Amino acid sequence: MDLENAYDKIYRYAYFRLKNQELAEDITQETFLRFISSYGNLQEYDMRYLYSIAKNLCIDEYRRVKPDPLPEEDEARAAQNIGSTEETAIVRVALSKLPVEDQELLLLRHVNGESVGTIGKALGLSRFAVYRRLKDAEEALRKGLEVSGS
Amino acid sequence: MKKQLEKLLAEAYAAPEPKKKQAFLMNLKPREVSLPEMLWQQAAYVRWPVWLFAICMMAFAIGGSILHLEDTERIVTVLMPFTAAISVLETNRSTRFGMSEIEMATRFSLRSVLFARMTILGILYAVMLCVSAPMLAYAFGGKLLLTATRILIPYLSTMILSLIAERSALGRKTGYSSAAIAALISLVTFWISQEQSQKFMVLRYTTLLENWGILIVLVLLLLTILEQQKTIRQVEAFA
């Protein structure tokens with residue numbers, strides 16, 4: 001996997017946690033810099049550690065100053081720009097009804113394409129717990145989509 | 001269905017395009033690594049049989065000293081050339097397996113890698129000597145300096161000859177010349193340590209070591225350093 005792809009994944013993850021483009025980008029860059037300061041270089045980078053660092057940085061940031069999400073109008077406009085279909089809007093609504101932890105799992109597994117093992121290490125969960133929670137989250141999302149769709 | 005859902009999820013989770021990605025990735029540089037850190041990193045690349053051999057030798061010297069096993073000191077002395085041969089073979093591994101070009105293209109120069117590995121192995125065997133020599137001297141009632149010189153002379157002699165051999169055209173071709181040198185010096189050391197061999201010698205080996213041991217070790221040490229320097233300097237030319 002190339003570095004650019006890893007950058008995109010961490011950035012997407014940070015954006016999901018903070019809902020703020022600038023902060024997400026700062027956190028992404030800080031994640032890579034911290035990885036380098038610990039491991040020397042990015043030749044053998046490991047997504048598990050990158051996610052762990054990013055997650056902790058997001059938590060720190062959230063504690064420090066609760067980040068200002070985009071104002072509702074801007075957010076709606078940004079959402080329109082990013083994914084404008086009606087189907088996407090339905091998925092967003094269904095996702096918003098899930099707990100954040102489940103949203104996080106769905107992002108890592110189905111959008112960033114990480115393995116169950118990587119997700120487990122990054123979030124401090126066993127493979128079995130990830131697998132079980134992922135199944136539950138998928139089921140809840142499916143139900144949510146059915147309700148939203150009807 | 002799953003593909004469709006994943007596509008929708010990707011759209012739902014989409015983030016705005018990052019603005020500083022390219023600039024950041026282009027300027028991303030590996031952190032400077034300090035010497036101890038580099039040594040630590042390179043230690044991981046030293047193969048496990050090398051560590052195992054050193055640990056076994058040390059365990060044998062300590063165990064033999066505690067249990068007062070006869071001939072412990074002689075066996076340690078006879079085996080020392082092999083530790084030297086292993087060191088040389090280990091440091092020349094990249095050249096032997098044709099990996100020099102790749103290693104030169106890596107973050108650290110081949111010279112610095114070689115220097116680091118030599119230092120690691122040097123430290124390893126110095127620790128081994130520092131532990132074994134006093135134990136052996138104490139257990140068998142010998143003098144510390146005499147025991148240390150007895151152990152060091154075959155080690156350093158093998159080291160010097162192996163380094164020269166590995167740099168030579170023939171040595172690079174055969175690949176295992178240091179093993180042959182180690183075997184030869186080991187045999188000579190074994191022969192010298194036998195009581196019967198002393199009648200063929202002008203001066204008893206022990207007397208020689210008592211009078212000139214430290215000087216011999218110092219000269220050998222100096223020659224070892226010079227040969228190591230030559231190897232480090234010429235390693236890139238051989239690649």
Side-chain angles (χ1 to χ4, degrees), chain A residues 2-4 6-16 18-22 24-26 28-30 32-43 70 78-79 81-96 103-104 106-113 138 141-142 145, chain B residues 1-48 94 99-117 119-120:
Chain A
D2 64 307
L3 208 55
E4 213 168 307
Y7 186 99
D8 287 340
K9 284 181 174 184
I10 296 297
Y11 168 69
R12 202 181 293 128
Y13 177 73
Y15 184 77
F16 156 75
L18 301 167
K19 301 280 185 292
N20 181 310
Q21 186 182 357
E22 267 196 28
E25 198 146 17
D26 288 348
T28 306
Q29 297 187 356
E30 184 61 23
F32 280 91
L33 294 174
R34 289 215 182 172
F35 186 90
I36 290 174
S37 89
S38 295
Y39 297 94
N41 61 71
L42 281 163
Q43 279 173 338
L70 292 170
N81 290 336
I82 297 162
S84 55
T85 64
E86 194 186 332
E87 280 173 316
T88 309
I90 292 170
V91 174
R92 279 213 182 101
V93 170
L95 277 173
S96 66
Q103 293 181 34
E104 186 178 36
L106 290 169
L107 163 74
L108 293 174
R109 183 77 182 114
H110 294 298
V111 182
N112 282 5
E138 284 165 358
L141 177 66
R142 204 164 288 129
L145 286 173
Chain B
M1 178 64 193
K2 198 184 166 198
K3 287 269 170 211
Q4 175 69 11
L5 183 66
E6 281 186 351
K7 191 172 165 271
L8 288 172
L9 279 173
E11 281 176 14
Y13 279 109
E17 272 298 304
K19 290 172 187 164
K20 301 171 267 182
K21 180 170 79 174
Q22 292 306 333
F24 175 74
L25 291 178
M26 272 168 60
N27 293 316
L28 205 57
K29 287 190 179 77
R31 177 171 53 86
E32 289 292 316
V33 176
S34 64
L35 183 65
E37 210 176 343
M38 192 197 171
L39 291 179
W40 183 250
Q41 280 177 4
Q42 286 300 317
Y45 293 102
V46 174
R47 286 176 300 178
W48 66 266
S94 55
M99 299 294 285
S100 314
E101 280 184 40
I102 294 174
E103 289 207 31
M104 275 193 293
T106 58
R107 194 171 158 214
F108 303 113
S109 71
L110 188 55
R111 281 181 188 189
S112 54
V113 168
L114 199 65
F115 172 74
R117 289 191 190 161
T119 311
I120 292 160

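Remember, it's a predicted structure, so these values are computed and weren't measured experimentally. Within every chain, numbering begins at 1; the chains are lettered A, B, ... in the order of the sequence lines, protein sequences first and strands thereafter. Computation of the quantities below employed the complete heavy-atom set of this structure, encompassing side-chain atoms and omitting hydrogens, waters and symmetry-equivalent molecules.
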Under 4.5 Å between any side-chain heavy atoms of [X] and [Y], yes or no?
X	Y	result
B/Gln4	A/Glu87	yes
A/Leu141	B/Leu9	yes
B/Tyr13	A/Leu95	yes
B/Pro18	A/Tyr15	no

Practice task
Tell me, for A/Ser38 versus chain B, whether the close heavy atoms (under 4.5 Å) come from the side chain, the backbone, both or neither.
Solution key: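 For A/Ser38, the contact with chain B is made by the backbone alone.
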
Exercise for the section: Side chain from CB out, backbone as N, CA, C, O: work out which of these in A/Gln29 comes under 4.5 Å of a heavy atom of chain B, or both, or neither. Expected result: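 Both backbone and side chain.
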
Problem - Proximity breakdown for B/Gln22 and chain A, heavy-atom pairs closer than 4.5 Å - result: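 Side chain only.
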
Practice task
For side-chain contact (heavy atoms from CB on, under 4.5 Å), just list the numbers for A/Leu145 and B/Leu8, CA-CA rounded to whole Å, side-chain angles, deciding distance to a tenth of an Å, and then say yes or no.
Solution key: CA-CA 11 Å; A/Leu145 286 173; B/Leu8 288 172; 6.0 Å; no

Problem - Any donor-acceptor pair under 3.5 Å from A/Tyr11 side chain to B/Pro16 backbone - result: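 At least one qualifying donor-acceptor pair exists.
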
Handout entry: Ion pair A/Glu25/B/Lys19, N-O distance below 4.0 Å
Key =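 Salt bridge between A/Glu25 and B/Lys19, a charged N being under 4.0 Å from a carboxylate O: no.
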
Exercise for the section: Report the C-alpha separation of B/Lys21 and A/Thr28 in whole Å, then their side-chain angles, then the decisive distance to 0.1 Å, and conclude whether the side-chain contact (heavy atoms from CB on, under 4.5 Å) test is met. Expected result: CA-CA 9 Å; B/Lys21 180 170 79 174; A/Thr28 306; over 6 Å; no

Problem - Which residues share a ring pair (Phe, Tyr, Trp, His ring centres under 6.0 Å) with B/Phe115, sequence neighbours left out - result: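 With sequence neighbours excluded, B/Phe115 shows a ring pair (Phe, Tyr, Trp, His ring centres under 6.0 Å) to no residue whatsoever.
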
Problem - Chi angles and distances behind the side-chain contact (heavy atoms from CB on, under 4.5 Å) call for B/Leu25, A/Glu4 - result: CA-CA 8 Å; B/Leu25 291 178; A/Glu4 213 168 307; 3.9 Å; yes

Handout entry: Contacts of type side chain to side chain donor-acceptor pair (under 3.5 Å), residue A/Gln103, not counting sequence neighbours
Key =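 Once residues adjacent in sequence are excluded, A/Gln103 has no partner under the side chain to side chain donor-acceptor pair (under 3.5 Å) criterion.
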
Handout entry: Geometric class of the A/Phe32/B/Phe24 ring pair [parallel <30°, tilted 30-60°, perpendicular >60°]
Key =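 Judged by the thresholds at 30° and 60°, the geometry between B/Phe24 and A/Phe32 is perpendicular.
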
Handout entry: Closest heavy-atom pair and its distance - B/Ala12, A/Val91
Key =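 Smallest interatomic distance, heavy atoms only, reads CB-CG1, 3.7 Å.
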
